[in-house]
Amino acid sequence: MDKAYEAKQHEDRIAEKWEKAKAFQAIRPQDSRSGESFVIPLPPPNVTGTLHLGHAAMLVVEDIMCRYHRMAGDATLWVPGTDHAAIATETVVLKHLGIKDRNKETTRDKFIGECWKWTKKAHDTITNQIRKMGASIDWTRERFTMDMGLSGAVNTIFHDLYEAGLIYRGGRMINWSVGAQSVLADDEVEYKEVNGKLYYYQYFFKDDPKNSLVVATTRPETLFGDTALAVNPKDKRYKSAVGKKVIIPFSNKEIPVIADPYVDLKFGTGCLKITPSHDPNDYEIGRKHKLEARPVIGFDGKMKKSPYVPKEYEGLTREECRKRLSDENDAKVKKYLLKIEPYVHSVGFCYRSHTAIEPMVSTQWFIDVNKAFVHPILKKKTTLKKLTVDAVKKGDVKIIPGRFNKTYFQWVDNLRDWCISRQIWWGHRIPVWYDKKENIHLPRKQNLIFARHGESESNAKMVITSRNDSPLTDLGKSQAAELAEKLKKEKKVKMIISSPLARAKSTGEIIAKKLGVKLVVWDELLEIDCGDITEKDMIPGRSVFERMLEKNTGEALEGMEKRAKTVWEKIEKLDPVDGDILFIGHGMFTSILFALRDGVHPEHYSSFRDDRWRMKNAETREMTHLIAPKGKDLRQDEDTLDTWFSSALWPFSTLGWPDAVNQDFRDFFPTSILETGHDILFFWVARMIMFSLFATGKSPFHTVYLHGLVCDEKGQKMSKSKGNGIDPLAMIDKFGTDALRMAMIVGTTPGNPINLGEKKVEGYRNFANKIWNIARYIFSMNIPAGAKLEPKTHTDKWLLSKTQHLIRSATEGLRKHHYGEVGSMLYKFAWSELADWGIEASKADSSENTALIFREALKSLLMLLHPYTPFVTEKIWESMGEKDLLTLTPWPKPDKKWESKEAEQDFESVKAIVMKIRSLRSEKKIEPSVKIEAVFSGKKLDVLRENENIVKFLASLSSVVYGKKPPRDGISDYVSGTEIFLVLEGVIDEEAEKMRIERELENLEKLIRNLDSRLSNESYVKNAPPRLVEETRRQLQESSEKVKRLKEEKKKYA
RNA sequence: GGACAAUUAGCUCAGUUGGCUAGAGCGCCCGCCUGACUCGCGGGAGGUCACUGGUUCGAAUCCAGUAUUGUCCACCA
């Protein structure tokens, strides 16, 4: 082992070792030691992003959770994936392509193609960076929000919500982002304080052109869209004006003056202009008074061509128009504009494009959160809002830290209908079609039954011959007949589609005949051409599939994927059938069809083949599939869905929903913990809870753990766009992943900001090195043959006992999610206890078992520390000669047998004495190399002295030798009931000594006063825990003793 | 305007249901190559736990209020 631990030399190799061992591939709960599952859905990073500290914080906490649970014996699954990040990606790709106006410069299909290209490239960057963090993720289950399975899930829940009457299309006031060219949800609008102006305009009366009403506005450009002026009905100033007509400045259109209690008498002039088309509040007032909405600003942010906008302003941007209408050199302006005041107000901005939001009236799709419906699974009347609130209220979902409950409730209570349509191209296109009369057509749910052919001759021989066709055996034929019988009874098969190969086709024919249904052959359904494989070709530990791929001389993986896609596309185009469609195919290729639908990346097909999708001869599996409506004049809605719509399905869509027979969904849903930053509690967490309860009737997870935001040195949110972040990869490069991980978790508490400086990371790099050197030293200790795990010396006993305590409290801490605390507990144990005292003591105080005991302590430490610093611990474990991976080693359990309070106290006493001597030596400036004589007396020490080792240990650590004769000259002190006398002939500075004693006395007297007042208080003695009172008495006695002796000592120098 | 947090050593922060003389890391001072570790070892200095009241035998911790900082939500032209 090298002298120093160099993270870079080991991390990649260790990661590879884990991957090769499939260490993080989830096992089934029934195969786990605890029988329980532990599941975390990874909050999917945006595909186009790169790793920042926010990701790092998330990955560290989640990895600690997962590694702990995996070692504790739970079937642990960490489901990874990425998010298509609709607006963000579209913006980036448009910029990359240099496109200003996508409608003119490209086509939808072409652009989406570019997005896919970009996405695929960016995907590798972010996922590799996640790997760098040491995240123990099950990559075989990786998903993407736009993959086939998740897109299917999106369409399904849209369909179901629509059927339940919870999705509607309607014209409403929405937030329009001119920059992103799309509508935004309320949450996607960020409000910022802006130094604006308040403009005062005169609206002259139609019948009394000399008089006017004065209105204050921040947005003069909207005045063309005014359809009324409003005053408060209680406002005496304007009583006579109500009902009269006024003229809009610049446009000469007349509008009425109305009265509405919404108007604030005290603000501005007390007179408000109403623009229902461009202000949410005005929109509401407009609806109330049945006022017309006159849009005057277009989706491009420019003044519209409209009968209400005078020609000279048409085509100006909002800002230009405002300038023109307030240009005080303009004669026209002078007529209307009275004054301009500076005014600070908040303006909504797009959270992606950072342009000012334009409120607009537009037709969009919404989710109705308040509408009562009968829940199809829960069979009770409820609303989406109620479901979302109750999950937390009833405790089905626990939020950590708890204070976020309040925030959550407040948000849900104020929740308005969620606008889910977006006018961008990259995303899930709204699964709705319109005919010429604007009637809405939804996809229909088609039940598909997939069956594998009956037993073939090659099946019977246990060989795989995909090249040569192999007919059905007699058994195969009867299997087919049986299946036909079963289908006739239970299903309504109206169409059979079969592979062209004989074994499948014959199976299909038998069934078709029985059911009297037409049989269609699809060439694409044939089996993989992989040559011939017999048992001889098999390699232990490899699945048939893997072996096939290795031996394969025919169709490549990509080919299979492409063919499977074609099959699904063909299914999409099937004409409506009033019943079920039966597919007869082959074991291998059918699983690929399923895998593709489940969104599994082809390279991982083999990992699942034997487990998740395997089919026996004549076995069937059903699923419903959404098929787009057919018709010449049908056209699909142009809009796409809000990114958060698909994110809201994440915990269950990634596990196979809506396919309820999916093994992963059955084994791993609901998930356990959702860990994320508290900034997306609303965006994401609440919506997941809402959708999960709607779709599955269950909460998606039982615990929400919110980490704090990672902030920069100014306390500002770190973000890519601000470019103010520390690059986690640079930290990893410099100090190692383990160091970064420790730095991001120790000293943090959930929900509170995580501050990170380079110095902190460096500190934990040093820690990794310390662990390394502790191991190096312990490895160098000789374990004699016949050594037993039986503590003999004080140090043996102390260490073994301490270790049990550590195991106990670390485990408890992890169970309570006290990750930061456990981290520092382990740090302190390793450095301050094991290294500084344990190892040092062992150098003098050892038995034939000491080395073994230290090795055991190290092992426990490595196990406990592994979730925090996986790399260095795994590396040391390996160097220790352990065969199994540390990451798969069972979590340690404390053994009561080794716990000894006495041993710990004895050791602590010696520690105190040693520290006192060191302190005295340092004060007296005695060179560390000089051994001085020390004389000890006291009860405690007499006990310890019975063991000769302890004497050696004490002497060694404080660098003294035992003096036996009464000393002539020296200093003395008292600690742990022991008098220490250091022989210092000829070097005593009496004055200094006197001062030292006086200082000591002062401290002691302060303490005694404190203790005394406590004990003389009757209620303290009565109310405080007895243990505490006893301890106080003991301390008081000891301190008084000390004082007595120090006073005597002082007399010497008086 | 409302909600939530934070305020502890020069800096960055811990401190679990109130209970030993309030802790850590970094920095600072003094001294050391003591059988693994200078990414190290030993010894120190440094704090009226933001402020004001209250509850309690006892408060950094609980309650009320004040101040400063930060975050979120709502938003009046």
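Chain letters run A, B, ... following the sequence lines, proteins first, then strands; residues in each count from 1.
- Put simply, Tyr343(A) has a side-chain N or O that comes within less than 4.0 Å of OP1 or OP2 on A77(B).
- Among the heavy atoms of the strands, none lies under 4.0 Å from Glu923(A).
- Expressed to the nearest 0.5 Å, how far OG1 of Thr869(A) lies from CD1 of Ile745(A) amounts to 13.0 Å.
- Remark: the separation of the C1' atoms in U61(B) and G18(B) is 6 Å, to the nearest Å.
- Contacts of Gly757(A) with the nucleic acid, taken as non-hydrogen atoms under 4.0 Å apart, are absent.
- The base of C39(B) sits with one of its N or O atoms less than 3.5 Å from a complementary donor or acceptor on the side chain of Glu6(A).
- Nucleotides G65(B) and U55(B), compared at atom C1', are 15 Å apart to the nearest Å.
- We find the CD-CD1 distance between Glu188(A) and Ile357(A) to be 9.0 Å, quoted to the nearest 0.5 Å.
- Interatomic distance, CD of Glu833(A) versus CG of Leu806(A), reported as 9.5 Å (0.5 Å rounding).
- Contact annotation for Ser346(A): base contact, defined as any heavy-atom pair under 4.0 Å involving a base atom.
- Distances shown here put a side-chain N or O of Thr749(A) below 4.0 Å from the OP1 or OP2 atom of A14(B).
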So which protein N/O to nucleotides 1-9 of chain B N/O distances come out below 3.5 Å?
residue: A3(B); atom: O3'; partner: Lys406(A); partner atom: NZ; Å: 3.2
residue: C4(B); atom: OP1; partner: Lys406(A); partner atom: NZ; Å: 2.4

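- Nucleic acid contact for Tyr191(A): base, since at least one base atom lies under 4.0 Å from a heavy atom of the residue.
- C72(B) and C11(B): their P atoms are spaced 26 Å apart (whole Å).
- Arg416(A) comes within 4.0 angstrom of sugar-phosphate atoms only, judged by non-hydrogen atoms across all strands, and of no base.
- Taking the side chain of Thr218(A) as heavy atoms from C-beta on, and the options G42(B), G25(B), A77(B), the nearest nucleotide is A77(B).
- Contact annotation: side chain of Lys3(A) to base of C37(B), donor-acceptor pair absent below 3.5 Å.
- Here Lys760(A) pairs with Ala743(A), Leu756(A), Tyr764(A) under the side chain to side chain contact (heavy atoms under 4.5 Å, CB included) rule; sequence neighbours left out.
- Checking G19(B), U21(B), A77(B) against every side-chain atom of Asp264(A), the shortest atom distance belongs to A77(B).
- Minimum atom distance to the side chain of Tyr777(A) is reached by A36(B), of the listed A36(B), U21(B), G19(B).
- Between the side chain of Arg765(A) and the base of C39(B), at least one donor-acceptor pair of N or O atoms lies under 3.5 Å.
- You'll find the ring centres of Tyr705(A) and His707(A) outside the 6.0 Å limit.
- Distance from the side chain of Leu1011(A) is smallest for U21(B) among the nucleotides U21(B), A77(B), C37(B).
- Looking at Asn769(A), its side chain does come within 3.5 Å of a backbone N or O of Tyr5(A) through a donor-acceptor pair.
- Spacing between C51(B) and A77(B) at atom C1', rounded to whole Å, works out to 40 Å.
- Taking only side-chain nitrogens and oxygens, Lys760(A) never comes nearer than 4.0 Å to OP1 or OP2 of A14(B).
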Scan the side chains in residues 401-408 of chain A for donor-acceptor partners under 3.5 Å anywhere in the protein, sequence neighbours excluded, and list what turns up.
residue: Arg403(A); atom: NH2; partner: Asn752(A); partner atom: OD1; Å: 2.8
residue: Asn405(A); atom: ND2; partner: Gly402(A); partner atom: O; Å: 3.4
residue: Tyr408(A); atom: OH; partner: Thr388(A); partner atom: O; Å: 2.8

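- When distances are taken from the side chain of Asn769(A) to each of C39(B), A77(B), U16(B), the shortest belongs to C39(B).
- Rounded to whole angstrom, the span from the CZ atom of Phe409(A) across to the P atom of C72(B) amounts to 21 Å.
- For the pair Thr275(A) and A77(B), the criterion of a side-chain N or O lying under 4.0 Å from OP1 or OP2 is not met.
- Figure legend: cation-pi geometry between Lys288(A) and Tyr283(A) absent, as NZ or CZ is not positioned both under 6.0 Å from the six-membered ring centre and within 45° of its axis.
- Shown here are the side chain to side chain contact (heavy atoms under 4.5 Å, CB included) partners of Thr218(A), two or more places apart in sequence or in another chain: Leu198(A), Tyr343(A), His345(A).
- Nucleic acid contact for Asn414(A): none, since no nucleic acid atom lies under 4.0 Å from a heavy atom of the residue.
- A centroid separation of less than 6.0 Å is found between the aromatic rings of Phe767(A) and Tyr827(A).
- Using a 4.0 Å heavy-atom criterion, one finds that Glu1018(A) contacts no nucleic acid atom at all.
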| request: Check the pair Ser958(A) / Lys916(A) against side-chain hydrogen bond (donor to acceptor under 3.5 Å, both in side chains), numbers first and verdict last. | output: CA-CA 9 Å; Ser958(A) 51; Lys916(A) 193 77 218 181; over 6 Å; no
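- A distance of about 28 Å separates the C1' atoms of A14(B) and U38(B), rounded to the whole Å.
- For the OP1/OP2 pair of U21(B) and a distance below 4.0 Å, the side-chain nitrogens and oxygens of Arg1014(A) include at least one atom meeting the criterion.
- For the strand RNA chain B, secondary-structure stems (runs of at least three Watson-Crick or G-U pairs, all distances below 3.5 Å) span B:1-7 with B:67-73, B:10-13 with B:23-26, B:28-32 with B:40-44, B:50-54 with B:62-66.
- Closest to the side chain of Ser919(A), from the set G40(B), C75(B), G44(B), is G44(B).
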Contacts under 3.5 Å, N or O only, protein and nucleotides 27-31 of chain B:
none

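- Which of A36(B), A24(B), G19(B) sits closest to the side chain of Ile839(A) comes down to A36(B).
- The shortest distance between the side-chain N/O atoms of Asn1023(A) and the OP1/OP2 oxygens of G58(B) is not below 4.0 Å.
- Between the CD1 atom in Ile932(A) and the OG atom in Ser959(A) there is a gap of 8.0 Å [rounded to 0.5 Å].
- Within the 4.0 angstrom heavy-atom criterion, base atoms lie near Val263(A).
- Within 4.0 Å of Ala775(A), counting heavy atoms only, lies no atom of the nucleic acid at all.
- Between the side chain of Asp417(A) and the backbone N or O of Val369(A) there is at least one donor-acceptor pair closer than 3.5 Å.
- Rounded to the nearest 0.5 Å, atoms OH (Tyr199(A)) and CD (Glu221(A)) are 8.0 Å apart.
- Separating the C1' atom of C26(B) from that of G40(B) is a span of 16 Å, rounded to the nearest Å.
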